[in-house]
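Worksheet: the structure to be examined is printed underneath.
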Amino acid sequence: MPEGHTLHRLARELVATFGGQVVRSSSPQGRFESASGLDGRELVDATAHGKHLFVSFADLAEQVHVHLGLYGALTFVPEANVEVVGQVRWRLSTAAATADLRGPTACELLNPGEVAAIYARLGQDPLDPGADPSVVADRISRSKSPIATLLMDQRVIAGVGNVYRAEVLFRQGLDPLTAGTDLESGSVDRIWADLVELMEVGVDRGRIDTVRPEHEPSAMGRAPRVDDHGGEVYVYRRTGQPCLVCGTAIRTSSLGARNLFWCPRCQRRR
DNA sequence: TAAGTATGTTAAG
DNA sequence: TTAACCTACTTAC
């Protein structure tokens, strides 16, 4: 679930569900000690940058910082008095709704300086309308690291995870191991534009769909297929299966302890 | 019941 | 580069 689009969607849902309302706040699991200090306060706003979520309350300078990590989740139920199931780090609720946070890497109350420090170390977010893609292009064009590594580096681009990385490289026809310095001019701009498009779709749908209409399995005479992660993709976790465009078996390897997926025929070094 | 897996990040070696 | 961490779910034994 948690690449950048997920956090932006959750920020939107938090505002829609609790914005401007006095909320109950608790930590059923007990591991978010600041939760009780937020009880009875008005939730003012929730924003996301990259994979980080920030929640603010009336008359409180500190903000709650949430990072979902690999398997954290924030789920909403349109009811009050919901039974606690499993490990719930933070629960927000009103008479009309309950939100439960499970398994986050981070759930902490941060002062303005600490929040600023997180923003300072993050790169441009494709989902931020004010983002400056030229900063990203400069940085990538000067790096010898593989484009696959650079795309996942949150200091360069904030919010891209393993699925968007694999999919945008396929859509751009790029070999994942191409060095940043070897990318032809304009490549990074096309990657950025594609990420903006794909991630905006991700926020709207709550899933990662990257397959163009002409390559949909249904359009190719095959049955529709949706991966466990909940979207329709070209290469992510499709190891050994035929490429939706050329039929070549999708390959996988490990790069920096993360799984890499690509089509050896459609994705060439240039 | 245990092991393995996952869309992530940090700190230790 | 490796291990550790946070949780739920699937698969193996």
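Numbers restart at 1 for each chain; the letters A, B, ... are given by sequence-line order, proteins then strands. As the structure is a prediction and not an experimental result, all values here were calculated from the model.
- Look at A:Asn162 and you won't find any side-chain N or O under 4.0 angstrom from OP1 or OP2 of B:dA6.
- From A:Gln63, atom CD reaches atom CZ of A:Phe57 across 9.5 Å, with rounding to the nearest 0.5 Å.
- Using a 4.0 Å heavy-atom criterion, one finds that A:Gly86 contacts the sugar-phosphate atoms exclusively.
- Taking atom CZ of A:Arg89 as the reference point, atom P of C:dA8 lies 11 Å away to the nearest angstrom.
- Across C:dC13 and B:dT5, the matching P atoms stand 12 Å from one another, rounded to whole Å.
- Rounded to an integer number of Å, the gap from CG of A:Asn259 to C1' of B:dT7 is 11 Å.
- Counting only heavy atoms from C-beta on, A:Gln87 has its side chain closest to C:dA8 among C:dA8, B:dT7, C:dT2.
- Rounded to an integer number of Å, the gap from A:Leu127 CG to B:dT7 P is 20 Å.
- Relative orientation of the A:His65 and A:His52 rings is parallel, given thresholds of 30° and 60° on the angle between their planes.
- The phosphate of B:dT7 (OP1 or OP2) has no side-chain N or O of A:Lys51 nearer than 4.0 angstrom.
- Of all nucleotides present, none satisfies the Watson-Crick or G-U wobble test against B:dG13 with each distance under 3.5 Å.
- The side chain of A:Gln29 sits closest to C:dT7 out of B:dT9, B:dA6, C:dT7.
- With salt bridges taken as basic N to acidic carboxylate O contacts below 4.0 Å, one links A:Glu184 and A:Arg190.
- Considering only side-chain atoms of A:Gln154, the nucleotide from B:dT10, B:dT9, B:dA6 that sits closest is B:dT9.
- Remark: P of B:dT7 and CG of A:Leu255 are 13 Å apart, rounded to the nearest angstrom.
- The side chain of A:Arg31 sits closest to C:dT7 out of C:dT7, B:dT10, B:dA6.
- If you check every strand for non-hydrogen atoms under 4.0 Å, A:Arg165 touches nothing.
- Between the CG atom of A:Leu101 and the C1' atom of C:dA8 there is a distance of 14 Å, rounded to whole Å.
- Between A:Met152 atom CE and B:dA6 atom P the separation is 13 Å, expressed in whole Å.
- The C1' atoms of B:dT7 and C:dT1 are separated by 22 Å, rounded to the nearest whole Å.
- A:Tyr164 has no side-chain polar atom (N or O) that falls below the 4.0 Å cut-off from OP1 or OP2 of B:dT7.
- Closest approach to the A:His67 side chain among B:dT7, B:dT9, C:dT2 is made by B:dT9 (side chain taken as heavy atoms from C-beta onward).
- By the 4.0 Å N-to-carboxylate-O rule, A:Arg12 lies close enough to A:Asp204 to be salt-bridged with it.
- Phosphate proximity of C:dC9 to A:Arg102: absent, as no side-chain N or O sits under 4.0 Å from OP1 or OP2.
- Checked for salt-bridge contact, A:Arg268 and A:Asp175 miss the test: no charged N lies under 4.0 Å from a carboxylate O.
- Ring-plane geometry between A:Phe261 and A:Tyr236 is classed as perpendicular, the angle between the planes exceeding 60 degrees on a 0 to 90 degree scale with a lower cut at 30.
- The nearest whole Å value for the distance from the CG atom in A:Leu68 to the P atom in B:dA6 is 18 Å.
- Straight-line distance from the CG atom of A:Leu70 to the C1' atom of B:dT9: 10 Å, rounded to whole Å.
- Comparing the C1' positions of C:dA8 and B:dT10 gives a spacing of 22 Å, expressed to the nearest Å.
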